[in-house]
There are 2 protein chains.
Amino acid sequence: MNIGEAARRAGLPAKTIRYYEDIGLVAPHRDANGYRRFGDREVHKLAFLARARSLGFSIDDCRMLLSLYEDRGRASAEVRGLAQRHAKEIDARIARLKEMRATLGELIEACAGDERPDCPILKDLAGG
Amino acid sequence: MNIGEAARRAGLPAKTIRYYEDIGLVAPHRDANGYRRFGDREVHKLAFLARARSLGFSIDDCRMLLSLYEDRGRASAEVRGLAQRHAKEIDARIARLKEMRATLGELIEACAGDERPDCPILKDLAGG
DNA sequence: CCTTGACCTTCCCATGACTGGAACCCTAGA
DNA sequence: TCTAGGGTTCCAGTCATGGGAAGGTCAAGG
């Protein structure tokens with residue numbers, strides 16, 4: 001199948017698939033006319049990537065995951081370790097965002113939000 | 001004062017300050033030797049930006065916030081609206097990350113993480 | 001006077017993971 | 001034959017910096 005169909009099946013934009021080929025994540029064959037030709041194997045790989053990306057794994061993580069996936073003898077501990085490191089990062093990002101959110105919430109609460117110019121939000125930004 | 005001192009006081013890298021000048025957020029004067037000269041006003045503005053950025057506001061939001069800050073007659077409702085939109089975005093990002101984290105948590109839990117190759121994480125990525 | 005070291009300047013390139021667009025080629029159907 | 005809807009490559013842009021080269025400036029010390 002061509003890239004459009006592969007994109008539909010894998011749930012990825014065609015542009016993204018071309019990019020993945022550029023950086024060596026997939027290597028579809030080419031037809032005589034130069035079109036990329038995708039088989040089920042490639043589409044499966046692309047769907048794998050789409051899923052991993054949707055879980056927030058970086059492209060580098062995805063590369064690792066793919067190679068682990070294709071290594072029939074790997075230890076599940078390696079995969080689990082990778083996932084755990086990633087989970088930790090996500091926890092950190094959530095924590096950071098929650099901090100921001102809490103501060104923002106307080107400021108929003110403190111601000112009347114009417115036509116008057118007095119604004120605790122700007123006061124805070126300006127250094128209290 | 002020169003850019004280094006301004007950077008120290010505002011809590012921003014000098015590079016970032018130069019960038020902020022490039023995109024028109026600040027406009028320090030120049031000494032005869034070409035060095036940027038910052039007064040307390042500029043440093044105050046930079047600290048304002050640093051604080052707003054640390055709360056996750058985009059550069060465009062910061063531009064808006066600065067202009068609201070410098071408009072003595074603005075309605076606090078405008079600032080509050082901006083902050084609320086931003087808070088909503090953060091909420092969305094947190095929600096998205098929490099979803100990822102939950103799925104990751106389940107997968108990590110399900111994976112033995114030993115020397116055997118059987119791995120629920122890879123199974124999930126491969127489409128269940 | 002010279003050197004050293006810490007500043008400062010501009011300029012260009014790189015990041016991550018795409019996305020948009022231009023300019024062009026290929027193919028099937030009316 | 002024309003058109004529509006694929007496909008191709010290549011270049012540039014996103015966001016908010018960070019890194020580093022090549023060079024100018026300045027104060028202190030020998």
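Every chain is numbered from 1, with letters handed out A, B, ... down the list of sequences.
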Using atom [atom1] of [X] as one end and atom [atom2] of [N] as the other, report the distance to the nearest whole Å.
X: R93(B); N: dC15(D); atom1: CZ; atom2: C1'; result: 12 Å
X: R8(B); N: dC8(C); atom1: CZ; atom2: P; result: 7 Å
X: R30(A); N: dG7(D); atom1: CZ; atom2: C1'; result: 10 Å
X: M1(B); N: dC8(C); atom1: CE; atom2: P; result: 12 Å
X: E89(A); N: dG16(C); atom1: CD; atom2: P; result: 13 Å
X: I3(B); N: dT25(D); atom1: CD1; atom2: C1'; result: 15 Å
X: L49(A); N: dC18(C); atom1: CG; atom2: C1'; result: 14 Å
X: N2(B); N: dG5(C); atom1: CG; atom2: P; result: 21 Å

Just wondering, do E21(A) and P28(A) contact through their side chains at under 4.5 Å, heavy atoms?
-> yes

Going by modelled atom types, is there a donor-acceptor pair between the base of dG18(D) and the side chain of Y19(B) at under 3.5 Å?
-> no

Hey, is [X] close enough to [Y] for a salt bridge, meaning N to O under 4.0 Å?
X: R8(A); Y: E5(A); answer: yes
X: D118(B); Y: R116(B); answer: no
X: R101(B); Y: E89(A); answer: no

Checking contacts here: which listed nucleotide ([options]) is nearest the side-chain heavy atoms of [X]?
X: R53(A); options: dC18(C), dC8(C), dT17(D); answer: dC18(C)
X: T16(B); options: dT9(C), dG18(D), dC18(C); answer: dG18(D)
X: R36(B); options: dC18(C), dG7(D), dT9(C); answer: dT9(C)
X: R18(A); options: dT9(D), dA16(D), dT25(D); answer: dT9(D)
X: K15(B); options: dG18(D), dT17(D), dG7(D); answer: dG18(D)

